[in-house]
**Q** 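Sharing a structure below in structure tokens format, with a few things to ask.
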Amino acid sequence: MNPLKELFGGAMTPGVLGVFGHLDDTTRAVKDLKAEGREDFTVFSPMPRHELEDAIDRPVSSVRMYTLVGGIAGCSIGAWVTLYMSYDWPTLVGGKPIGSIPPYVVIMFEMTVLFGALNTLVGVALNALRAARREGTIPYDPRFSNDKFGLFVPCGPDKAGATEAWLKQHGAEEVRRA
Amino acid sequence: MVDGMNRRRFLKVLGVTGGGAAVVAGCGIGPEPTEHLIPYLVQSEDEVPGVPTFYASTCRECAAGCGILVKTREGRAIKIEGNPASPINAGRLCARGQASLQGLYNPDRLTDPFAKDASGKLGKITWEDALGRLTGKVKDAKGKGIVFITGLEASSFGDLVDEWMKHVGGRHVTYEPFAFEALREGNRMAFGTAAIPSYDFASAKYILSFGADFMETWLSPVAFQHGFSSAHGFQSGRDAQMAKFVAVSPRMSLEGLNADEWIGVIPGSEGLLALAMAYVIQKSGGAPGDAGRLSDLLNRHRPALVADATGVDAQTIERLAKEFGGAKGGLAVAGGMAAQYPNGAEIVAAVNILNYVAGNVGKTVKFGAELAHGQAGSYRELTGLMADMTAGTVAVLITHGANPAYSVSGFTAAAGKVPFRVAFATMLDETASEADLVLPDLHPLEQWGDSRPRAGIFALQQPAMQPVQSNARGAGDVVASLAGKTGSFKDYVQGRWRAPKGQTWADAVQHGGSFGEAPSTSTRLGADAGKIFAGAPATAALAGGKEEYPVIVYPHYALYDGRGANKPWLQELPHPVSKIMWQSWVELHPDTAAKWAVENGDYLLIKTASGSTARVTVWVTPSIRPGVLGIPTGQGHATYGRYAEGRDVNAFDLLPAAANSYGGRTFTVMASVEVTRDHRYLATLEGDPREGGESIIELLTLGKAASLHAGQHPFEEQEVPTYTDSAEAGWAAAQREKTELGNYVTRPTRWAMAIDLSKCTGCSACVTACYAENNIATVGEELTRRRRFLPWMRIERYFNKSESGSVRAVTTPMLCQQCADAPCEPVCPVFAAYHTPDGLNGQVYNRCVGTRYCANNCPYKVRFFNWFNYAERGGDHEAWPTPLDWQLNPDVTVREKGVMEKCTFCVQRIRFAEHNARVEDRALKDGDIVPACAQGCPSDAIVFGDLNDPHSRVHALSEDPRGYHVLQDLNTKPGITYLARVIAGAEA
Amino acid sequence: MAQTAAPGTSGARVTYDYVTRVINNTLGNPSKGYFALLGVAVGLLTIGIICLLFILRYGLGLAGYSHPVYWAVFITCFVFWVGIAHSGTLISAILFLFRSAWRTAVYRVAEAMTVFAVMTAGLFPLIHIGRQWYFYWLVPYPNERGLWPNFKSPLIWDEFAIGTYFTVSTVFLIMGLIPDIAAVRDLATGWRKKLYALTSLGWRGTNEQWRHYSRGYLYLAGLATPLVLSVHSVVSWDFAMAQVPAWHETIFAPYFVAGAIYSGVAMVISLLVPIRKLFHLEEVVTISHFENLAKLCLLTGMIVGFAYATEYFIAWYSGPTPENKAFWYRAFGPFWWAGWTMNVCNWFLPWILWFKKVRTNLTALFVISIFVNIGMWFERFVIIAIHLAGEPFEPFVKAGYNPTWADWGIMAGSFGWFFMWFLLFVKNFPAVSISEVKEVLPPPVRHGKGAHA
């Protein structure tokens with residue numbers, strides 16, 4: 001029972017999955033694919049590796065925008081909450097101004113962090129979901145979370161053989177059709 | 001709490017508390033359950049709900065006969081204040097007088113007549129039965145000895161009892177544990193009259209007290225304190241003078257605290273000191289001619305000769321004498337401790353001589369306007385009666401308003417010989433519990449009566465409300481019917497009342513009585529004035545073995561002779577000197593304590609020669625002479641209601657049973673002391689013994705104070721950031737506009753207070769007033785020990801060393817300072833503490849969640865927390881068991897557990913006055929608003945008003961050069977201005 | 001230090017596979033000992049709950065408060081637990097930004113500790129208020145009273161700071177967990193499989209997932225770093241904003257933050273030493289990790305010591321002031337023992353951490369860490385309860401204070417609560433980050449240097 005299946009269960013993408021045991025092999029394979037101008041492949045790895053990131057070389061994630069927006073929103077909400085609530089029922093305490101900024105900065109700061117963090121989470125989730133629409137339709141191997149790297153190359157049944165050969169030649173320990 | 005823990009409660013808490021919210025709300029968690037008020041069905045015409053009705057009456061807590069106004073709401077007495085019309089107390093009232101409410105509403109009051117059955121148990125009976133038995137017994141006993149013991153009754157009731165006793169051939173004995181035999185005997189010796197004169201403190205220029213606790217319990221404390229503080233208080237402006245006050249006594253009482261100079265003489269030698277002073281004055285001339293008869297007596301007491309016996313060096317005596325003589329119109333009083341030594345009468349006589357020689361008799365000591373206290377029976381009468389009872393010549397013994405079984409050890413045994421004993425009583429005290437027939441009396445606030453405390457004064461007492469105990473009957477009515485009077489006791493009183501011209505009975509009742517002045521008669525020296533202190537050179541009169549120490553037994557300020565012990569307000573009132581509550585203690589000088597290696601809370605075992613012992617905890621204090629011990633009376637009741645029973649020791653037990661030479665009782669005994677291993681915590685208001693010599697009180701010498709002129713501010717310190725002022729001003733203005741409609745704020749006000757420390761005596765009447773007005777819970781001994789008390793107003797007492805190292809006690813009231821920039825306010829997360837437009841620190845109980853941050857941040861520590869639900873019915877710490885809760889002030893919230901509370905300048909009184917002003921369509925006048933503390937203050941030390949009103953008294957006082965703010969360098973801008981205490985003397 | 005501190009110093013044995021399995025083994029079926037520990041924790045919690053019920057029923061009077069000691073053990077525990085909560089985010093966020101690789105092996109424990117410590121700390125303000133059932137009045141929501149909370153009150157700052165900190169550190173913990181849960185998911189069977197399948201949110205370690213994930217993680221770390229510094233500053237202002245002498249100090253924020261990290265790191269050590277032993281993580285969590293923790297301990301300990309010294313100096317330097325009296329009271333007053341416990345445990349003891357021998361001796365470290373925890377508890381107790389008792393403004397109310405069974409019961413309960421959660425966590429989720437440990441391992445490569453699979 002894979003939740004993604006329920007959500008995004010579409011027809012399986014035809015293609016070939018190669019299982020690699022070594023980082024450098026995987027990296028080279030990715031580089032060559034790129035050289036052929038392909039972008040539609042998917043790489044599996046048990047941990048983030050800068051080598052792979054460089055090889056795949058996609059634009060920087062858009063998550064940071066979420067963080068920024070969240071932070072700004074949080075700060076202004078903090079300012080509004082404190083000041084509006086102070087003047088909504090003005091009550092004098094300790095001879096201090098009704099809306100005295102210094103103490104409110106604390107609230108603004110905390111709200112900045114809170115909303116920034118939550119929005120970052122949202123950002124990651126949304127992006128992951130978008131990706132998942134496609135990734136839900138490609139095969140996966142449990143070893144990818146342990147010590148194997150994976151490379152899935154979508155291709156029609158006609159090209160499958162060639163792709164398998166290409167992957168093997170790039171050091172795939174085993175290949176599998178989908 | 002822990003002790004009250006058992007399996008059932010444990011399970012109950014788990015079960016119930018663990019249970020759902022509905023259950024929970026019902027049992028103390030969550031908001032208090034709703035209670036329903038029932039409105040009047042038929043509106044009584046003289047009762048406007050929400051508007052108090054005042055009844056003038058007379059206080060019967062002691063024999064002083066102060067006039068009182070009983071404040072009733074919806075038919076219940078809720079507070080007692082002084083009656084301004086009364087010439088005795090002029091509108092002031094002491095703590096005991098205010099606490100009489102708790103006698104009225106005491107949960108342990110007698111409900112019905114009781115009679116001893118065969119097994120000796122008291123069982124309920126009907127009034128008919130009771131009166132039947134009584135009349136029967138009295139008829140049988142006719143001629144076989146009938147005795148009626150009352151307290152001092154200078155009243156119609158006394159007369160009635162006299163009549164009845166005369167009629168049935170019995171006798172009427174009046175008994176006061178602290179009677180004034182020595183005073184009368186001394187006056188007889190000196191002036192040939194046994195009357196007790198009235199003392200004019202107000203016009204005295206120099207006051208000298210030989211042991212007289214005239215502000216605590218002696219004669220007429222409220223009147224005397226009122227006079228004292230107007231003489232001793234420093235008035236800026238006018239001739240800027242004040243009467244110096246010197247207290248001569250082995251231990252500091254309230255008087256010692258207020259003395260400009262405290263002379264801790266050797267007990268019993270006060271008389272010698274007085275004579276030595278008289279000698280000096282006479283030698284310097286100016287004494288009345290007939291004083292010459294005394295010269296050989298005085299020669300025998302030259303300062304040099306008595307220095308050793310008194311423990312006061314000759315120069316001091318000389319100086320004091322010169323000051324006193326030079327004052328022209330001083331006043332020396334002898335009483336209290338000094339009048340309770342075996343030689344007390346002679347001491348009084350000696351002081352009379354001093355007054356006479358200094359020419360004060362007739363000026364400040366007025367015979368003619370005598371005090372009724374002279375009519376109190378002597379202790380010898382009582383011992384005589386005890387002898388008779390033991391001899392079996394008394395058949396019926398009736399008691400009323402007196403509790404000899406408590407204050408005289410042998411009495412119970414003697415009374416045991418009496419076949420039939422009857423007691424009129426409101427509480428089952430020691431005497432009543434021994435009686436065969438107990439008749440529930442009405443409280444003075446429930447019945448008619450009168451009192452003639454001073455020649456020329458006929459003070460009336462009227463019922464202020466329906467009896468709390470419906471089946472009780474006024475002793476007056478009962479005796480009247482027994483004496484065969486037709487009509488009620490009220491008619492009897494009215495019959496004895498002689499109308500001054502132009503006054504109707506209604507007038508008299510409305511104003512609390514008829515008040516006149518008796519002319520003072522001139523008094524000359526008596527024939528045998530010179531005969532006192534024969535065996536010269538005199539020594540201290542207290543003979544005792546080696547390792548025996550004089551133990552001074554003195555009346556407790558609040559509990560007095562024990563009659564106050566059943567009132568939680570008085571039990572929890574910190575004693576003005578020791579600050580101890582709910583407990584007995586023995587005062588011990590630090591040197592003595594060091595010698596015996598004891599400290600606060602250690603138990604001493606005190607053994608007198610007569611074999612009686614007392615086990616009592618030590619309170620180490622510099623306020624007593626080394627080698628002398630002092631124990632207050634009042635505790636140690638065997639039975640007298642839940643608040644009094646089983647508390648520590650009854651100091652009366654230490655006293656010798658026999659009457660002394662002048663027919664009085666000796667209150668100073670020689671005793672040996674044994675240090676025990678036991679220890680307990682003192683239940684005291686004082687956090688740290690003697691505060692490490694620190695204090696927050698400012699002092700000025702008279703010279704310095706007189707030299708100050710308007711505009712000078714020696715104590716001024718901080719300057720205030722302007723933005724706080726503008727913030728407040730702007731905000732307050734805005735608030736006022738908001739609240740113009742339907743609200744009472746018409747002009748910028750800042751409620752403020754000025755407290756004159758040169759007037760404040762620390763008598764603590766304000767504290768009880770505050771408890772009564774603001775529904776402050778009393779928490780009992782255990783919680784007091786754990787410092788859970790809630791005194792919104794406390795009197796702080798510090799012992800400082802004066803510049804020359806002599807002990808100097810200073811006192812100050814400490815209450816919420818109503819700071820303009822209050823530290824407590826901004827830290828409250830829910831605005832429970834906030835600033836009102838009229839400058840108060842509001843405290844909204846219903847809004848408080850109890851973070852207690854405000855209390856931490858309050859530098860004055862005047863915020864108090866409800867650790868438990870003190871109003872919980874049947875709770876472990878219930879403060880108002882029914883009917884005590886009838887006294888609660890309906891204008892003030894009863895706080896629930898978990899909320900912070902504090903003084904708000906009696907905001908309910910402020911609002912009430914503001915409403916009245918609006919109803920009468922006028923602006924508030926200065927003096928419209930009087931907080932409870934200011935109202936009760938016998939010294940006028942507290943002035944309340946609007947600081948922003950340039951014509952208000954408080955405004956003027958806050959400008960006074962002596963003015964200062966406590967901890968003003970914290971820049972809290974308090975609303976309370978203290979005026980520095982002034983010391984009449986060379987050093988502060 | 002990054003590489004030397006990396007696990008795998010023991011050579012080829014430590015491979016990706018080894019890491020996955022050794023950490024996966026920490027889950028498995030618990031032993032008797034584990035249940036014993038859990039039992040103790042739950043027992044303590046029960047005691048705490050019973051005491052709380054009594055307090056709710058009868059009132060706070062059951063605790064040892066007096067006038068003027070209005071805050072005591074409960075607030076002490078609050079600050080103590082908030083302090084504990086600090087090392088977690090420090091290690092996971094700040095050290096993450098510093099790219100110090102040694103954190104990978106220890107940060108998961110620290111983070112879990114953080115979350116549970118905040119959960120514990122958060123209870124105390126609710127327990128300590130007088131009318132617990134109205135705690136929600138501190139929350140700004142439109143209500144029938146038409147009244148908002150007072151944002152000038154440090155307590156409201158607290159509420160926001162603690163709330164934010166709890167949320168963010170929880171998010172942070174869960175984020176880090178996702179890839180590791182996926183890893184154990186792929187090995188697990190039965191109900192665990194279901195649980196992990198659900199909680200891993202379909203993680204597959206594709207390049208897209210990693211791309212957004214690592215960005216998100218980076219920014220969370222970026223936000224958490226100032227947060228962790230702010231939280232204990234705000235807590236310290238609860239006191240610094242009040243004018244109680246020995247509270248009203250400008251150095252409180254850095255002083256408290258340092259103290260918090262100090263106690264936090266100490267707690268990490270106290271927790272990690274037994275876990276390492278019980279779960280056989282010697283290969284993954286090595287001595288060098290402990291030494292680094294010890295160094296961190298030493299650093300913060302020195303800062304704290306310096307803060308103490310500053311306080312005493314200023315008190316002396318300011319002459320006969322309430323400040324001066326307050327610190328005299330701390331050192332020589334009736335509660336001198338508390339003051340000196342705090343000095344010895346926090347200030348003097350850590351000096352022996354200068355010696356590498358001590359830093360690399362687990363037993364010594366464990367003992368020291370326990371002492372530091374005790375010391376830090378006493379620091380808060382001294383600052384809060386003792387300085388209220390010795391209140392120097394009003395000489396007349398200076399008073400004593402004795403905690404009661406209620407205080408101790410609830411404190412015990414808080415430890416039970418904390419350890420219950422912690423034990424449940426380490427047995428059900430990877431207590432050491434699988435993916436990040438792999439990150440710092442030399443990757444398997446066919447050509448050139450690297451460990452061969």
Side-chain angles (χ1 to χ4, degrees), chain B residues 1-2 13-14 16-18 24 27-31 685-688 691-692 694-696 783 786-789 794 796-798 814 823 826-831 834 847-853 855-857 859-861 863-869 875-877 896-900 967 970, chain C residues 49-50 53-54 56-71 125 128-135 137-138 145 147-156 158-159 238 241-244 247 322 325 388-402 404-406:
Chain B
M1 213 20 270
V2 194
V13 171
L14 294 201
V16 180
T17 329
V24 158
C27 61
I29 306 186
L685 183 68
E686 203 169 20
D688 182 42
E691 297 77 40
E694 297 167 20
S695 144
I696 54 169
L783 292 191
R786 294 171 64 186
R787 305 186 59 76
R788 303 290 177 77
F789 37 60
R794 65 170 177 264
E796 300 189 348
R797 184 264 303 119
Y798 298 93
M814 179 51 67
V827 296
C828 177
V830 291
F831 285 120
Y834 78 112
R847 211 187 269 166
C848 176
V849 298
T851 67
R852 307 188 295 287
Y853 202 164
N856 289 343
N857 209 21
Y860 307 95
K861 294 293 175 242
R863 293 176 151 268
F864 299 90
F865 192 69
N866 288 267
W867 299 109
F868 294 107
N869 181 0
D876 294 298
H877 306 292
E896 96 167 292
K897 86 170 171 242
V899 304
M900 192 62 69
L967 302 177
L970 291 178
Chain C
I49 290 172
I50 292 171
L53 290 179
F54 269 90
L56 288 172
R57 169 64 182 84
Y58 293 106
L60 279 171
L62 299 183
Y65 296 107
S66 76
H67 177 79
V69 183
Y70 281 97
W71 287 356
H128 108 109
I129 62 174
R131 301 204 288 179
Q132 295 88 347
W133 49 95
Y134 286 142
F135 71 92
W137 285 5
L138 275 69
R145 304 182 297 286
L147 187 71
W148 306 104
N150 173 12
F151 290 101
K152 297 187 192 81
S153 166
L155 296 184
I156 296 291
D158 246 9
E159 174 190 334
D238 285 352
M241 290 293 141
Q243 53 186 354
V244 177
W247 286 17
K325 287 180 205 152
L388 284 174
E391 205 276 341
F393 283 137
E394 239 289 21
F396 201 75
V397 297
K398 190 186 293 176
Y401 165 72
N402 298 333
T404 66
W405 55 273

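Letters A, B, ... mirror the listed sequences (proteins, then strands); counts begin at 1.
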**Q** Measure across K897(B) and L56(C) and return the closest heavy-atom pair with its distance rounded to 0.1 Å.
**A** NZ-O, 3.2 Å

**Q** Of all the heavy-atom pairs spanning F865(B) and G130(C), show the shortest one and how long it is.
**A** CZ-CA, 3.6 Å

**Q** Between R788(B) and G61(C) (side chain of the first, backbone of the second, donor and acceptor by atom type, cut-off under 3.5 Å), is there such a pair?
**A** yes

**Q** Any Lys/Arg nitrogen of E394(C) or R794(B) sitting under 4.0 Å from an Asp/Glu carboxylate oxygen of the other?
**A**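 Salt bridge flag = yes for R794(B) with E394(C).
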
**Q** Do you know which two heavy atoms are closest between R852(B) and L60(C), and how far apart they sit?
**A** NH1-CD1, 3.1 Å

**Q** Top residue by heavy-atom pair count (under 4.5 Å) with chain B, among H67(C), K152(C), E391(C)?
**A**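 Result: the option with the highest number of such pairs is H67(C).
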
**Q** Distance check, rounded to the nearest 0.5 Å: Q243(C) atom CD versus N856(B) atom CG?
**A** 11.5 Å

**Q** Kindly give the heavy-atom pair with the smallest separation between N150(C) and P826(B), and that separation in Å.
**A** ND2-O, 3.0 Å

**Q** Hey, do the aromatic rings of Y853(B) and W71(C) have their centres closer than 6.0 Å?
**A** yes

**Q** Show, in sequence, the C-alpha distance, side-chain angles and deciding distance for F396(C) and M814(B), and conclude whether the side chain to side chain contact (heavy atoms under 4.5 Å, CB included) test is met.
**A** CA-CA 10 Å; F396(C) 201 75; M814(B) 179 51 67; over 6 Å; no

**Q** Find the distance between OG1 (T851(B)) and NE2 (H128(C)) and round it off to the nearest 0.5 Å.
**A** 5.5 Å

**Q** Is it the side chain or the backbone of L783(B) that comes within 4.5 Å of chain C heavy atoms, both, or neither?
**A**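 The answer is neither part of L783(B).
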
**Q** Checking heavy atoms, do the side chain of W247(C), its backbone, both or neither come under 4.5 Å from chain B?
**A**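 Side chain only.
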
**Q** Ignoring hydrogens and angles, tell me if any N or O in the side chain of W867(B) forms a donor-acceptor pair with the backbone of S66(C) under 3.5 Å.
**A** no

**Q** Any idea which of N402(C), L138(C), V244(C) has the most non-hydrogen atom pairs under 4.5 angstrom with chain B?
**A**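 Option with the greatest count: L138(C).
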
**Q** Is a donor on one side and an acceptor on the other found under 3.5 Å between the side chain of N869(B) and the backbone of G59(C)?
**A**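 A pair under 3.5 Å: no.
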
**Q** Please name the pair of heavy atoms, one in V397(C) and one in K861(B), separated by the smallest distance, quoted to 0.1 Å.
**A** CG2-CG, 3.5 Å

**Q** Does the pair V830(B) and Y134(C) meet the rule for a side chain to side chain contact (heavy atoms under 4.5 Å, CB included), with working shown?
**A** CA-CA 11 Å; V830(B) 291; Y134(C) 286 142; over 6 Å; no

**Q** Is there a side-chain contact between F831(B) and P149(C) in this structure, where contact means two heavy atoms from C-beta onward sitting under 4.5 Å apart?
**A**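 Not touching, per the 4.5 Å side-chain cut-off.
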
**Q** Tell me the closest heavy-atom pair linking V827(B) and S153(C), and the distance in Å.
**A** O-OG, 2.7 Å

**Q** Could you give me the CA-CA distance, side-chain angles and deciding distance for Y860(B) and F393(C), then say whether ring pair (Phe, Tyr, Trp, His ring centres under 6.0 Å) is met?
**A** CA-CA 7 Å; Y860(B) 307 95; F393(C) 283 137; 8.6 Å; no

**Q** Flag the one option from L147(C), T404(C), I49(C), D158(C) with the top tally of heavy-atom pairs under 4.5 Å to chain B.
**A**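 Max contact count across the listed options: L147(C).
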
**Q** Could you check whether any side-chain N or O of R787(B) sits under 3.5 Å from a backbone N or O of Y65(C), counting only pairs where one atom can act as donor and the other as acceptor?
**A** no

**Q** Under 4.5 Å from any heavy atom of chain B, what part of A63(C) do you find: side chain, backbone, both or neither?
**A**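 For A63(C), the contact with chain B is made by the backbone alone.
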
**Q** Between Y58(C) and F868(B), does the ring centroid distance fall short of 6.0 Å?
**A** no

**Q** Is it the side chain or the backbone of F864(B) that comes within 4.5 Å of chain C heavy atoms, both, or neither?
**A** both

